[in-house]
Amino acid sequence: MMNPPVLLEINQLQLEFGSGAHAARAVDGLSLRLEAGRTLCLVGESGSGKSVTALSIARLVPSPPARYVGGEILLEGRSVLKMSIRELRAIRGGIVSYVFQDPGASLNPVFRVGSQIKETLKYHRPDLANDAEVLRLLELVGIPAPAARMRSYPHELSGGMQQRVMIAMALASRPKLLVADEPTTALDVTIQAQIIELLCQLRRQLGMAILLITHNLGIVGDLADDVAVMYAGQIVESASARQLLQHPWHPYTQALIRSVPDLGAPVERLAAIPGNVPLPGAFPTGCRFHPRCPRAEASCAVTPPELTTVLEGRQVRCPFWDSPKPNG
């Protein structure tokens, strides 16, 4: 069976804010690959560079202050970093659409939701900018009584309904890639599960690829085909979702998984990773995770580890990935 075509390819992307001695590199040599129809989860704590990476795909990071100083971003084989403003407008929505974590802040409070969806249709599919298509999109994302909801203002909808409207707007242009940046963060647990299930259904139904940005490894197994773990502007581990969740190699990935509470096992205290993600421009020497790593050795503070391909489809940025874990 033939492999699906590569939709998104990022090669050694370097993006920084500021210039000269004050430049802070937020993304440093990052490479990703996403095939059509598949789901890739980009995982890491806040401040790891996930959202900046996601916005870079359609060159939505304002420049200045941002500067793309190296690497390439390819959408369907075309270089995003070489596109004109007109070409960028065509791919924004036409090929890649975004769903962000706070739908209440993304929707315009003074326009009805039906009008906002129709505005997207007018730009990308003007022949379908009508109430019938708006209703179809609202039905597609599971909004009850869509004829009534399309006349509602955003504040009249719950957070879960607002997020479904945002997904409907993102799908209005029939994108090939949906970038969901922390789409469930502002929602309660029950609604989170509904949104994740909705994304799964839409991917199967529409055949689009999804790039899911999250700090929560607990939702990865429900949606992802592949996972890339990001820390301090770099990928530290990548693998299939099953491989990574069952046998994490990098100490950071292991710490993230330990921090996910097990609802079936009583614990006195939740596991936490000591310290914080370093700020861009203040990354430590050597391995960027070594100040927080329970397995760090003296060499970790000196020699920056390379992202090494150990097995086909598995990469890890740690020379001690196969050494015994502390305390067994």
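Everything numeric here is computed off the predicted structure, so don't read it as measured data.
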Distance-only donor-acceptor check, side chains [X] and [Y], under 3.5 Å:
X	Y	result
S240	Q243	yes
Q254	R295	yes
T253	E237	yes

Partner of V27 under side chain to side chain contact (heavy atoms under 4.5 Å, CB included), chosen from V61, I10, V69, L15: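 Of all the options given, the one that passes is L15.
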Side chains of [X] and [Y]: closer than 4.5 Å at any heavy-atom pair?
X	Y	answer
V43	H215	no
I73	S56	yes
Y98	V96	yes
S158	M161	yes
I117	M150	no
E9	L32	no
E133	R125	yes
H290	P284	yes

Test side-chain hydrogen bond (donor to acceptor under 3.5 Å, both in side chains) applied to S238 and Q315, R33, R314, the passing residue: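 Among the candidates, only Q315 passes.
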Y231 and its side-chain hydrogen bond (donor to acceptor under 3.5 Å, both in side chains) partner, picked from R292, E45, R317, H250: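 Single pass found, and it is R292.
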Trace of the side chain to side chain donor-acceptor pair (under 3.5 Å) decision for N11 with S31: CA-CA 4 Å; N11 297 313; S31 296; 4.7 Å; no
CZ (R136) with more than 12 external heavy atoms under 6.0 Å: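 Yes.
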